[in-house]
Amino acid sequence: MTRPLLDELDRRLIGALHLAPRATWDDIGAILSADASTLKRRFDRLYEARMVRVIGQADWGMHSTAMPVHVFLDITGETPLAVLDRLRALPHLQLLAQISGGYPLYTVVHAPSEAATSEAIDRMFSIAGVRRVNALPALRTLRRGIAWDPQFLTDTERADLLKLAGAHPEGTATATPPAKPLSEAERTVVAQLIRDGRASSASIARAAGLATSTAHRVVRRVLDERWVKPRLEVVSEWLGFQTSFVLRLRVAPGQTPDVMRRLDQFPQTRLAVHVASDLSVLCSGMVTDRSALAVFIDNELATIPGILGVSVDVMLAEPRRYWLDRDLLSGLGEFHAPTLL
């Protein structure tokens, strides 16, 4: 797979799709002052190069009654990448990464239930090379990767795109199911939108065997209820963001909510989660390089009151992020979408 060369319009298009993943090419073109057909051709080229893909982020309650668990693994007698490759066979792993620091592997388990979560973590102990498993259950998750913005647009363009998308603050994630069970048509549409966040009502109608009018009505309901939120996934390294990181923060008692709110305001962060551990908050994000990470820690993270200590790990390899396999040579790969309840 040939890595695509990007120009300014490519980057602005990617920035726009981060904010309004389902917007029409005409609407995006009007905001970016670009031709709609040119934008579509650009997107198709990036998609075929496996650099970008619009999927759907399902509300947690659609596929789980449990909160995620963040797991750090120590290994022995094997290389980290060998053990990481074996972990791929386990179910319910939303993220897989090799990181620096004392625990060389990091993964996120989000199983359909607490029992399935326990079973998935238990199976990690049987993986050859795993020496120790440190599981940190999420108590509260404020920021997720869907809210990340590469900052390629002007403030006016960004505001117009957010208005176009009808964007709402991400808010605290919960595993709360819908008020009433979904109909078969709703389940079908949810599954289709998870696989393709830009799928039209007409294409969903054809794939699901629904009347076009029914598909249009159900798609509108699924999106309005926010059961699925379209989300752009991208090979961030090809976009110029070479350094992903994980921060483990010790926070003064009572200061965790304020610290998480401050973390949520930084463009560099993708995740802020309160965990059950001897530390208080996990935060992950990405920057252009390690020098930029040093600046972020010293000049921005340091301004947050209440942080007592910081442990910084750099992601050395991230073969799966948000259920989607990826690598730096071939781009985006298989999407391990969670199964609906």
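Positions are given from 1 along the sequence. Reckoned from all heavy atoms, side chains included, excluding hydrogens, waters and symmetry mates.
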Could you report the tightest heavy-atom contact between [X] and [Y], atom names first, then the distance?
{"X": "Leu153", "Y": "Arg12", "value": "CD2-O, 3.5 Å"}
{"X": "Gly197", "Y": "Arg22", "value": "O-CG, 2.8 Å"}
{"X": "Ile146", "Y": "Pro230", "value": "CD1-O, 3.6 Å"}
{"X": "Ile194", "Y": "Ile55", "value": "O-CB, 3.5 Å"}

Query raised in the report: Which is it for Leu210 and Val189 under the side chain to side chain contact (heavy atoms under 4.5 Å, CB included) test, yes or no, and what are the steps along the way?
Result: CA-CA 10 Å; Leu210 299 172; Val189 169; 4.2 Å; yes
Evaluate the side-chain proximity of [Y] to [X]: yes if any heavy-atom separation is below 4.5 Å, no if none is.
{"X": "Val234", "Y": "Leu17", "result": "no"}
{"X": "Leu19", "Y": "Glu157", "result": "no"}
{"X": "Leu9", "Y": "Leu39", "result": "yes"}
{"X": "His70", "Y": "Val108", "result": "yes"}
{"X": "Leu341", "Y": "Pro112", "result": "yes"}
{"X": "Arg53", "Y": "Phe335", "result": "yes"}
{"X": "Glu186", "Y": "Pro178", "result": "no"}
{"X": "Asn134", "Y": "Tyr103", "result": "yes"}

Query - Modelled atom types, side-chain donor and acceptor of Ser126 and Arg123, under 3.5 Å - result: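 Distance-only check fails for Ser126 and Arg123.
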Report task. Take the angle between the ring planes of His63 and Trp323 and call it parallel below 30°, perpendicular above 60°, tilted in between. Result ->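 Answer is perpendicular, since the angle exceeds 60°.
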Query raised in the report: Do the rings of Phe296 and Phe266 sit parallel, tilted or perpendicular, given the 30° and 60° boundaries?
Result: perpendicular
Neighbour count above 12 (heavy atom, 6.0 Å) for [X] [atom1]:
{"X": "Phe152", "atom1": "CZ", "result": "yes"}
{"X": "Arg290", "atom1": "CZ", "result": "no"}
{"X": "His216", "atom1": "NE2", "result": "no"}
{"X": "Glu8", "atom1": "CD", "result": "no"}

Requested in this report: Any chance you could lay out the side chain to side chain contact (heavy atoms under 4.5 Å, CB included) test for Val218 and Thr188, step after step, and finish with the verdict?
Outcome: CA-CA 10 Å; Val218 177; Thr188 300; over 6 Å; no
Query raised in the report: Out of curiosity, Leu247 CG to Thr269 OG1, how far, rounded to the nearest 0.5 Å?
Result: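 With rounding to 0.5 Å, CG (Leu247) is 9.0 Å from OG1 (Thr269).
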Is it true that [X] and [Y] have a side-chain N and a carboxylate O under 4.0 angstrom from each other?
{"X": "Arg41", "Y": "Asp35", "value": "no"}
{"X": "Arg262", "Y": "Asp258", "value": "no"}
{"X": "Asp155", "Y": "Arg158", "value": "no"}

Query raised in the report: Does the cation-pi check pass for Arg248 over Phe72, that is, NZ or CZ under 6.0 Å from the six-membered ring centre and within 45° of its axis?
Result: yes
Query raised in the report: Does the side chain to side chain contact (heavy atoms under 4.5 Å, CB included) test come out yes or no for His336 and Asp325, once each step is laid out?
Result: CA-CA 8 Å; His336 305 267; Asp325 289 344; 2.8 Å; yes
Query - Derivation and outcome, side-chain hydrogen bond (donor to acceptor under 3.5 Å, both in side chains), residues Ser236 and Arg321 - result: CA-CA 11 Å; Ser236 49; Arg321 183 199 304 153; 3.2 Å; yes
